[in-house]
Amino acid sequence: MKDQLRLAIRAALKQCYTDGSLTSGEFPKEVQLEIPKNSEHGDFSTNLAMTLAKPERKAPRKIAETLVAALQGNSLCDKIEIAGPGFINFRLIATCWYKVLDQIMQQDETYGYSQVGAGKKIQVEFVSANPTGPLHIGHGRGAVVGDAVAAVLQAAGFEVQREYYINDAGNQILTLGRSILLRLRELQGEIVEFPEDGYQAAYIVDLAAKYRSEQGELNDVTEAEAIELCSRFGIVEILKWIEADLKSFGIHFDHWFSEQNLYDQGMVDQELLKLKEKGLSFEEDGALWLRTTDYGDDKDRVLIKSDGSYTYFASDVAYHMEKFDRGFDQVIDVWGADHHGYIPRMKAMLAGLGHPPEALEVLLIQMVNLHRDGQPYIMGKRSGNFITLKEVIDEVGRDACRFFFLMRRCDSQLDFDLELAKQQSSDNPVYYVQYAHARVCSINRNAAESGIEPLQPGQIDYNRLELTEELALVKQLARFPETVVGAALSYEPHRIIFYLQDLAAQFHSYYNRHRVLVDDPATTRARLCLVNSVRIVLANALQMLGMSAPERM
RNA sequence: GCGCCAGUAGCUCAGUUGGAUAGAGCAACGGACUUCUAAUCCGUAGGCCGAGGGUUCGAAUCCUUCCUGGCGUGCCA
C-alpha cells in the first residue's frame, strides 16, 4: 500500500521535472512517507515538498501545490491536501484498504513474511553462556532476544543461522574440573579443603555424585588427568541442562560451536600468524599484543600471556574470523551489557584484518532486575535464594516469560516481576493479547454452530465494513508487514510486541462496541472476514516470537 | 579520571530514525455484563521529555557542556 503510493509520488515528481514545473532535478533516495499520529492528517503524509525547498529555492507550500497538481487523478487517493508548513497528506480510497483483507485471507500464515532480506546470510550468536553452571535469568533475556531477532530476520527473508559458542577451554573449565574432583574426593570419604575460588554451588556436588555412580571413582590417574576427566564430564552434563532449558523455552540452535575445537584445529595459531604477518601484533613484556589502538581502541590488548597461555580475546579473534570465512554478510553477537568494553577491540581486530566493522553488530542486553510483588528480589550466589532460569520458566510459564523479556528495548534495563508475570489477570499483557485471539476463535465456533458457512473468497462485500473502527482496524492490519521489516532491519523485536498490544486493544474495543454475528448475512460475513484477519495477524506475530495463540482461555 | 547505556505522567515504558496538538499500560477516580468469553470495554485526571546552550522551516530525537543512576575500565572469565 505504502509502496504503491511511494511509486505514484515518484512518478509525479519525475513528471514535474520533465514538464519544467520543477527545476532542480533533485531526487531523494527515498520518498519519506509516514503515518500521521493524527488521523485527520490522512493515511500517509510526506515531507517531500519541505526537503525540496532548498534545492528548488521556493516556498515548500508552492512546491507542494505543484506536486499535488501532478498527482491528481491517480487511482489510489480520494483526497490529497497540503497542510502545515508544507506536508502533503494523502487519504486512500477505502476499497484500496480492503484489498489488504483479501491478501491476509489468501496468504494466511505467511502474511507479514517478506523477502526483503533474500540472498543475505546472517548469523546470530547468542546465549553462549559458559558451561560451568545452569542458566540464570540474565541468560534468559539474551536467549529470548537473540532468538526473536533471528526469527524476525527470517521472517524478513534473511537466511539465518542461530549459533551457540561453547567456552569449553580456559581457566574456568579447569576450575570446574577441580571443583568436581574435590567434591568427588569428599564423597569418597576424604577430607578436602575447598578453595575460595572454586565453584561452591550445590550442583557441583550433584555432578560429582553422578560421576561416581556412572564412571566410578578416580584413583589410578594423575591429578591432571583426573581434573581433565571431571571437566569433560561436567561440560557435557551442564550443556545437557542448558540445552534442556533452552528447549523448554522453545529455542534451538542450528550450530553449537566449541572453542576447544578452535584450538584443536589449530585455527587460533593460524589467525594469530595472520595478524603477525600483517604487522598488527607485537611482543612486549614476554606477551603477544594486538595493536588495537590503531583502530580506535584505547589500549592494546594481550593475545598470549607471558606464561604462554591464551587470552579469551585470542580465541575470539579466531572465532570471528572463522565466522566470516563461513560467508555471512552480517554477524550479530548478543552479549550481556557488562561486556560492552569488549566491543572496541573486536571492531579494531576486524578492521585490522580487512572486514568492515559494521559487519559485526553487537546487541548488548541490559540487566534484568528480578522483583516479587514490587520488591526487589536479591540474588546472592552464596545465599540460598539464587533462582535459575528453569525455575522462572516453570513458575511463570513460557509465553509470559518470553513476552516479558521482549517488552523492552534490549538496551534498557528490565524489571521482571515474578508475581505479575504469572498473574492471569488484566494486569498481564500476555493474556491481553492472547485473549483477543481466543475471542475470535470463540466467534468462529459460534458462527459454525449457527450454520454460517466458511468464508469464500469473492463472496465478501467489503462495503459492509463502513464503521470508522473497521477501517482503522484494516489500516492497523496493513501495517504488520512493514512492522516486521522494521523490527528486522533494526534488530528490535520489541516493536512487534508493541504492535501486538495495539492491535489487541483495537480489537477488544471493536468487539465491545459491535457484534460480529448479526442478522444481516452480508455484514456478518464481512465482519467475520475482518476479525479473522485480526486473528491471523495475532497468531502470526505470536508464533513468530515463539509464543502460543490459544483458541480458548 | 575515561568509556558505554539510560534519564519522557505518581510507577514501568513506547515514540515510525528530524515532523504537525508527546502516547500506552499499571496505580487513582467515575461508569458498562439478560446480548459472539468482563482475562474485556468507555470516560476523567495526570508533562519544564534530567538542566543549560547550539544546529533549522521544525528537536524528546542531532551537536555541546553539566547533573543523576547502572555497567565497564585486568597478561579475569
Side-chain angles (χ1 to χ4, degrees), chain A residues 32-38 40-41 45-47 50-51 53-54 59-60 83-87 89 130 132 167 170-173 175 197 284-289 297-299 301-313 336-344 364 366-367 369 371 374 407-415 417 420 423-436 438-447 449-450 479 482-483 486 489-490 494-495 497-499 501-502 504-505 507-518 524 527-528 531 552-553:
Chain A
Q32 286 183 44
L33 264 189
E34 61 160 27
I35 299 170
K37 282 175 236 170
N38 188 338
E40 285 170 27
H41 294 140
S45 167
T46 182
N47 60 356
M50 282 129 93
T51 59
K54 210 169 247 175
F87 291 104
N89 296 334
N130 289 343
T132 55
N167 287 113
N171 253 325
Q172 89 281 2
I173 294 303
T175 306
D197 62 352
E284 194 176 289
D285 302 330
L288 183 71
W289 298 71
D297 199 2
D298 28 72
K299 261 189 80 172
R301 305 296 174 176
V302 172
L303 293 162
I304 302 180
K305 300 181 238 175
S306 52
D307 67 0
S309 63
Y310 295 83
T311 62
Y312 265 70
F313 185 44
D338 51 341
H339 288 73
H340 72 255
Y342 225 74
I343 297 176
L364 294 175
Q366 282 290 346
M367 279 177 31
N369 301 308
H371 292 254
M407 260 189 334
R408 303 266 174 272
R409 264 195 3 245
C410 68
D411 50 11
S412 83
Q413 295 191 10
L414 171 69
D415 290 324
D417 195 303
L420 177 59
Q423 236 173 68
Q424 306 210 348
S425 77
S426 53
D427 290 348
N428 195 329
V430 195
Y431 299 110
Y432 182 82
V433 172
Q434 291 181 327
Y435 185 48
R439 270 184 153 172
V440 180
C441 294
S442 172
I443 295 173
N444 286 340
R445 284 190 296 270
N446 285 305
E449 255 175 52
S450 37
R479 295 182 67 174
E482 67 204 61
T483 303
L489 297 180
S490 59
H494 76 274
R495 293 190 190 191
I497 293 288
F498 281 92
Y499 174 84
Q501 297 189 91
D502 287 345
F507 169 75
H508 282 309
S509 175
Y510 174 67
Y511 178 95
N512 258 272
R513 212 191 286 259
H514 307 287
R515 281 186 63 85
V516 172
L517 308 176
V518 290
T524 297
R527 290 185 176 175
L528 270 174
V531 296
R552 284 171 209 275
M553 287 174 76

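Naming convention: chains lettered A, B, ... in sequence-line order (proteins, then strands); numbering from 1 in each chain. The shown structure was predicted, so the numbers you read here are calculated from the model rather than taken from an experiment.
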Taking the P atom of each, how far is B/rU64 from B/rG72, in whole Å? 25 Å

Quickly work out the A/Leu414 CG to B/rA14 C1' distance and round it to whole Å. 14 Å

B/rA22 versus B/rU8 - spacing of their C1' atoms, nearest Å: 8 Å

Where the chi angle of B/rU8 falls, syn if within 90° of 0 and anti if not: anti

B/rU17, B/rC36, B/rC75: which one has an atom nearest the side-chain heavy atoms of A/Ile443? B/rC36

Under 3.5 Å, side chain of A/His508 to main-chain N/O of A/Ala505, donor-acceptor pair present? no

Measure from OH on A/Tyr431 to C1' on B/rC41 and round the result to the nearest Å. 21 Å

Main-chain N/O of A/Ile304 paired to A/Thr311 side chain as donor or acceptor, under 3.5 Å: no

Can you check the A/His494 NE2 to B/rG23 C1' distance for me, whole Å? 14 Å

Which parts of nucleotides 68-74 of chain B does protein reach within less than 4.0 Å, heavy atoms only, written one letter per nucleotide 5' to 3' as B for base, S for sugar-phosphate only and - for none? --SBS-S

Is there, by distance only and without an angle test, a donor paired with an acceptor across the side chain of A/Thr311 and the base of B/rC75 below 3.5 Å? no

Candidate nucleotides B/rC13, B/rG19, B/rU37, ranked by approach to the side chain of A/Ser412 - the nearest: B/rC13

Can you run through RNA chain B from 5' to 3' and write each base as (, ), [, ], | or . depending on how it pairs? Watson-Crick or G-U wobble, both distances under 3.5 Å. (((((((..((((.....[...)))).(((((.......))))).....(((((..]....))))))))))))....

Answer yes or no as to whether B/rA39 has its base stacked against A/Tyr432, where stacking requires a ring-centre separation under 5.5 angstrom and planes under 30 degrees apart. no

Rounded to whole Å, the NE2-C1' distance (A/His371 to B/rA27) equals 16 Å

For A/Thr175 and A/Asn171, indicate whether the former's side chain and the latter's backbone hold a donor-acceptor pair under 3.5 Å. yes

When the P atoms of B/rG1 and B/rG10 are compared, how many Å lie between them, rounded to an integer? 31 Å

Quick one: on RNA chain B, does A/Asn89 or A/Met407 contact a more 5' nucleotide (nearest heavy atom)? A/Met407

Sticking with atom C1', work out how far B/rA27 lies from B/rC11, rounded to a whole angstrom. 7 Å

Rounding to an integer number of angstrom, what distance separates B/rU56 and B/rC13 when you compare their C1' atoms? 30 Å

Might you confirm whether atom CD of A/Gln413 has over 12 heavy atoms from other residues, nucleotides or ligands at distances under 6.0 Å? yes

Which distance, rounded to the nearest 0.5 Å, do you find between the CG of A/Asn444 and the CD of A/Glu449? 12.0 Å

Expressed in whole Å, how much space separates the P atoms belonging to B/rG31 and B/rG19? 42 Å

Look up atom CZ in A/Arg408 and atom CG in A/Asp415, then write down how far apart they are to the nearest 0.5 Å. 7.5 Å

A/Gln366 and A/Leu414, any side-chain heavy atoms less than 4.5 Å apart: no

Send over the distance from A/Tyr510 OH to B/rC42 C1', rounded to a whole Å. 17 Å

Is there a side-chain polar atom (N or O) of A/Lys37 under 4.0 Å from OP1 or OP2 of B/rA20? yes

Decide whether a cation-pi geometry holds between A/Arg439 and A/Phe507; the criteria are a distance under 6.0 Å from NZ or CZ to the six-membered ring centre and an angle within 45° of the ring axis. no

Should the heavy atoms of other residues, nucleotides or ligands under 6.0 Å from CD of A/Glu40 be counted, would the total exceed 12? no

B/rU55 and B/rC62, which share atom name C1', separated by this distance in whole Å: 8 Å

Distance check needed: B/rC26 C1' versus A/Gln501 CD, whole Å only. 12 Å

Using atom C1' of each nucleotide, how far apart are B/rA9 and B/rC29 to the nearest Å? 16 Å

Would you say the side chain of A/Leu364 lies within less than 4.5 Å of the side chain of A/Asp411, judging by non-hydrogen atoms? no

Among B/rC76, B/rG19, B/rC41, the nucleotide that comes nearest once only the side chain of A/His508 is considered: B/rC41

Among B/rC75, B/rU40, B/rC36, the one nearest A/Tyr435 by side-chain distance: B/rU40

Report yes if the side chains of A/Phe87 and A/His41 come closer than 4.5 Å at any heavy-atom pair, otherwise no. no

Residue closer to the 5' end of RNA chain B, A/Gln32 versus A/Ala504 (nearest nucleotide): A/Gln32

Would you please classify the geometry between the A/His514 ring and the A/Tyr510 ring as parallel, tilted or perpendicular, with 30° and 60° separating the classes? tilted

In B/rC42, glycosidic geometry as syn within 90° of 0 or anti otherwise: anti

Between A/Arg513 and B/rU40, does any side-chain N or O lie under 4.0 Å from OP1 or OP2? no

Return no unless some side-chain N or O of A/Arg439 is found under 4.0 Å from OP1 or OP2 of B/rA38. yes

Under 4.0 Å between a side-chain N/O of A/Ser509 and OP1 or OP2 of B/rC42, yes or no? yes

